[in-house]
A.B. asks: 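Below are the structure tokens for one structure; questions will follow.
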Amino acid sequence: MTHTPTPTHLDTLLQHTGIAEFNPKTGAAPVAVPSVRTSTVRFASLAALDEAQAGKARGERVVTYGRVGMDTHAALEQVFCDLEGADRAFLAPSGLAAITLTLLALVNSGDHMLVADCVYGPVRHLDNTVLQRMGIETTYCRATPQALAEQLKPTTRVLYVESPGSLLFEMLDIPALADFAKAHGLILVTDNTWGSGYIYRPLDLGAHVSVVAGTKYVGGHSDLMLGAVMARDPALVRRINDTHYAMGYSISADDAWLALRGVRTLPIRMREHAAHALRICEFLQGRAEVGRIYHPALASDPGHAIWARDCTGSNGMMAVELKLDKPAARRFVDALKLFSIGFSWGGFESLVQSVNTEVLASHGYWRHSDHALVRLHIGLESPDDLMVDLAQALAAARA
Ligand SMILES: *Cc1c(COP(=O)(O)O)cnc(C)c1O
């Protein structure tokens, strides 16, 4: 083996992890790991199989069957470990499946879970339909140590949060939440889809488990569904590993390959999304129709100080309060030409979504207002074109 220096910058690491190994006979290799599609694995001898089984029993990443995936999956897991500073990563068929895997690994019947009131909406559906039926109790709460302390129960085991929160991008104080979790023996789980490991690293800030929807910025091209769960603590890794196996999750090697391909450009895409979003914020701040803008990289955002302390960058997401009544706000959204109306985010394209402010009633961070709220994902189009589009749509809304 030749000695290669360990890169210290994530940008470098992301170009060099998960590249294909040299063929020992030819000394040659493709740059990209191919999509290794297989449903099972063959062994040269029973002794080789025995050795693999023994490693599996120790909780190592050993493949004896196709479900967990071979080279392509392993390369992507390594990328997620690099991104999040984790020891192990587990892949799931969607971000939501990664959340389900995490919670089923960590809570038992009779346990209580504290959940930030700003989490991704479908988490409440998981709670209402599956977790409650299994006898798992959940309390939604503003995710500050003071507010959470009032909701603690002797059976509380997990604190599940998302920072910045869905819809309003409320920055949470992860180090303070980690101290709170430690003091009360809770496992702190964070949904880090916003940061995707590149601009925000919750495990470094004290979280025990980080969950990422790779569907968003990791994939980056709006063409795949993927989730990942990352952890360091060996006991937690073991529990997640056991549950992952039990649930039979499997993702296609082609999807793992697409995510590996996408992640190479994560650094440059993320910087562009963030820079474009800031320009759009500045433009919107100058418009009379625009009220508060929710984007933690903006100096006026209440979460800005925490963002500046804990994050190394930002992305293309923002929520914008429009000083318009609901019909006018609908005209605005419908009039946009370069922003598609759609859920999700993190791809190359700009998206707009009208936020149902009734849903926000359960978010303690929301300042109740009669105004409309829209969520924008600023894509990789020229921000100059996006500003022209936004201006014409604001004009159409007033008409
Ligand atoms: C989209 C999203 C998810 C779910 O990811 P899917 O791959 O769509 O299931 C989870 N958390 C957050 C914050 C998201 O934005």
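Since the structure is predicted, the reported quantities are computational estimates derived from the model, not experimental observations. The analysis underlying the following values was restricted to heavy atoms, covering all of them including side chains, and did not include hydrogens, waters or symmetry mates.
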A.B. asks: Could Lys56 and Tyr245 be counted as a cation-pi pair, given that NZ or CZ must be under 6.0 Å from the ring centre and within 45° of the axis?
C.D. replies: yes

A.B. asks: Could you walk me through whether Glu77 and Arg88 pass the salt bridge (charged side-chain N to carboxylate O under 4.0 Å, His left out) check?
C.D. replies: CA-CA 7 Å; Glu77 286 165 19; Arg88 281 290 293 273; 5.3 Å; no

A.B. asks: Is a side-chain donor or acceptor of Thr193 paired with a backbone partner of Ala213 at a separation under 3.5 angstrom?
C.D. replies: yes

A.B. asks: Go through the structure and list residues passing ring pair (Phe, Tyr, Trp, His ring centres under 6.0 Å) with His244, not counting sequence neighbours.
C.D. replies: Phe90

A.B. asks: Can a donor-acceptor pair be found, under 3.5 Å and without considering hydrogens, that links the side chain of Gln392 to the backbone of Asp389?
C.D. replies: yes

A.B. asks: Determine, stepwise, if the pair His377 / Phe339 fulfils ring-ring contact (aromatic ring centres under 6.0 Å, His included).
C.D. replies: CA-CA 8 Å; His377 175 249; Phe339 289 79; 9.3 Å; no

A.B. asks: Quick check for you: to the nearest 0.5 Å, what is the distance between His273 atom NE2 and Ile280 atom CD1?
C.D. replies: 13.0 Å

A.B. asks: Tracing side-chain links under 4.5 Å among I, L, V, M, F, W and Y, which residues wind up in one group with Leu46?
C.D. replies: Val36, Val41, Phe43, Leu49, Val63, Val68, Met70

A.B. asks: Under 3.5 Å, is there a donor on one side chain and an acceptor on the other for Arg271 and Tyr198?
C.D. replies: yes

A.B. asks: In terms of side-chain geometry, is the basic nitrogen of Asp233 or Arg238 positioned less than 4.0 Å from the acidic oxygen of its partner?
C.D. replies: no

A.B. asks: Is a side-chain N or O of Thr144 found less than 3.5 angstrom from the main chain of Ala147, in a donor-acceptor match?
C.D. replies: yes

A.B. asks: Just jot down the ring pair (Phe, Tyr, Trp, His ring centres under 6.0 Å) partners of His221, sequence neighbours excluded, or say none.
C.D. replies: none

A.B. asks: Side-chain donor-acceptor pair under 3.5 Å between Thr17 and Gln78, yes or no?
C.D. replies: no

A.B. asks: For the residue pair Ser369 / Glu321, report whether a side-chain donor-acceptor contact shorter than 3.5 Å exists.
C.D. replies: yes

A.B. asks: Taking only Lys NZ, Arg NE, NH1 and NH2, and the carboxylate oxygens of Asp or Glu, determine whether Arg279 and Asp384 approach each other closer than 4.0 Å.
C.D. replies: yes

A.B. asks: Under 6.0 Å between ring centres: does that hold for Trp307 and Tyr200?
C.D. replies: no

